[in-house]
Amino acid sequence: TWRPPKPSVPDCSSRSDKDSVCGCLARAGWCLGRGWNMAAIGRVVAAAGKHVPVMLHEAVRALALAPALAAGDGHVLVDCTLGKGGHTGLLLSSVATARVLGIDRDPSALQAVHEDGLSAGGRLWLAHASFAEAAGLRAAVCGEAGFAGMLADLGVSSMQLDDAARGFSFRGGSEALDMRFDQRHPSLVAAGRWGAGVVGRLPERDEARSWPNRPSIGPSCPSSRLTAAELLQGVTEATLEQSLTLLGNEPRASRIAGAIGRVRSLAPLPPRFAVAKRGRAQGQDQALPPWATCSGFASLVEAVSGGPSRTKTHAATRTFQAVRMLVNDELGHLATWLGEAPQCLAPGGRLAVITFHSGEDALVAAAFRRLVATGWFRKPAIHGARDSAPSSHEVSRNPRARSARLRVLERTLASEQGPLSWSREDLVASLPATLRTAVGIAARAQTEAGGQGQAAAPPLASALDAARQRRRL
Ligand SMILES: C[S@@+](CC[C@H](N)C(=O)[O-])C[C@H]1O[C@@H](n2cnc3c(N)ncnc32)[C@H](O)[C@@H]1O
């Protein structure tokens, strides 16, 4: 049996709606009644409006019960999608003998966790990397031993959606339509001016507040080359239509792709717009094509869809999701992770994946089925059908959880001998044709758009990027 430990900081996952200050204050009163101090309560209230971890207890329980953890101390658990550190925080307090490696592709997520001071006595390590680089990180962090568990909570975080300057949201205004998880400019990474991926232990409170204090032992983090605006400028109409269908289930994919195709010959994106004008692009909107800014693109999709949606869902929701997945090649990275993560696990180690998208879930399900067929992996008994979806209670408190699915897999203890014959290529080749196309479509779109996107940063863009990144880390 597993019971969530009493968290050292209050668990915000079960507070009422994320925007409800009343809910937080009510919870703060609840905390006071139980003798929690004002600082801890302040953190609960401050967390209002931030990311609420989905299926927190189910996912953490799945990893905390991994048989690999039974054998002694010093194991490493990996949170492949650190975000605001909700799952990591509970992992650290649930498994007091393990270290946690938190990975995120977005440097600002790492920075936020750093600023929160969640160091857990030196047991938390951070890496700026994609989880697609898991194999390299394993070599750097725990050598041949392998990880005792890996968690991936896929998709975008509320912080990313809510930060208008990141250009993720149809609720945004005149900000550039960016949508990259990692906004570092690739030419800076290539030139070594902005780090290779870094792995670092978080400093203790009495140590100098510099992070990372052990830099550059990780692999380099592949940065998304093009912003959403640049991608939409260069991708062919056919690929865009297919992407909107496969990644967004958008019924009006052909009309939306057709409209972009027609307009873009009239009003092309100024060269390097999205890099140079990241953030607000005030005063420029008239001269810009509609997909250059968040509001412009949302209005275009809305107009093509016959006006504002009559349901609670914005008419551009599916399109924005599809474009975000395209920009960040989310299915491609997931396929690579599924090709590498199984070999990174110690015997008795577990993988836990939370998906929010039917394509992602189908990919994870297909990989897990094939891994079970190798005889090296099994579906652990603790994970019943009841645990694979969020409870109605959770969905009522956090509507973002409604499409979540949790899948868990365990490497058997008897799987110590011989290499596992398993690769991304085999996995992708075994997928149904539609899913295979979906996995490869972002790479195709990036190639099509690459000729018209930025190949190397102009001096202005480099300077902006460098200044911005210096402020961040
Ligand atoms: C849903 S949030 C995770 C929230 C986190 N579990 C929490 O409790 O706060 C997803 C995070 O994964 C990150 N991400 C997305 N794709 C990634 C990848 N390929 N590698 C590493 N991080 C990724 C995003 O930047 C985002 O911060």
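All ligand and atom numbering here is 1-based and tracks the order in the structure. Nothing here was measured: the structure is a model prediction, and the numbers come from that model. Every heavy atom of this structure was used, including side-chain atoms; hydrogens, water molecules and symmetry mates were not.
With sequence neighbours excluded, the residues forming a side-chain contact (heavy atoms from CB on, under 4.5 Å) with T317 are F170, T313, H314, listed by chain and number. Judged as a ring-ring contact (aromatic ring centres under 6.0 Å, His included), and not counting sequence neighbours, the contacts of F168 are F181.
Between L82 and A109, the closest heavy-atom pair is CD2-O, 4.4 Å.
For the pair R171 and F320, the cation-pi test (distance below 6.0 Å, angle within 45°) is failed.
Residue pairs that meet the salt bridge (charged side-chain N to carboxylate O under 4.0 Å, His left out) test with at least one member in residues 424-442, sequence neighbours left out, do not exist here.
With respect to R407 and D361, a salt bridge is recorded, a charged nitrogen being found less than 4.0 Å from a carboxylate O.
Protein residues with any heavy atom under 4.0 Å from ligand 1: H51, P53, C80, T81, L82, G83, K84, G85, G86, H87, D104, R105, D106, A129, S130, F131, D153, L154, G155, V156, S157, Q160, F181, H333, R400.
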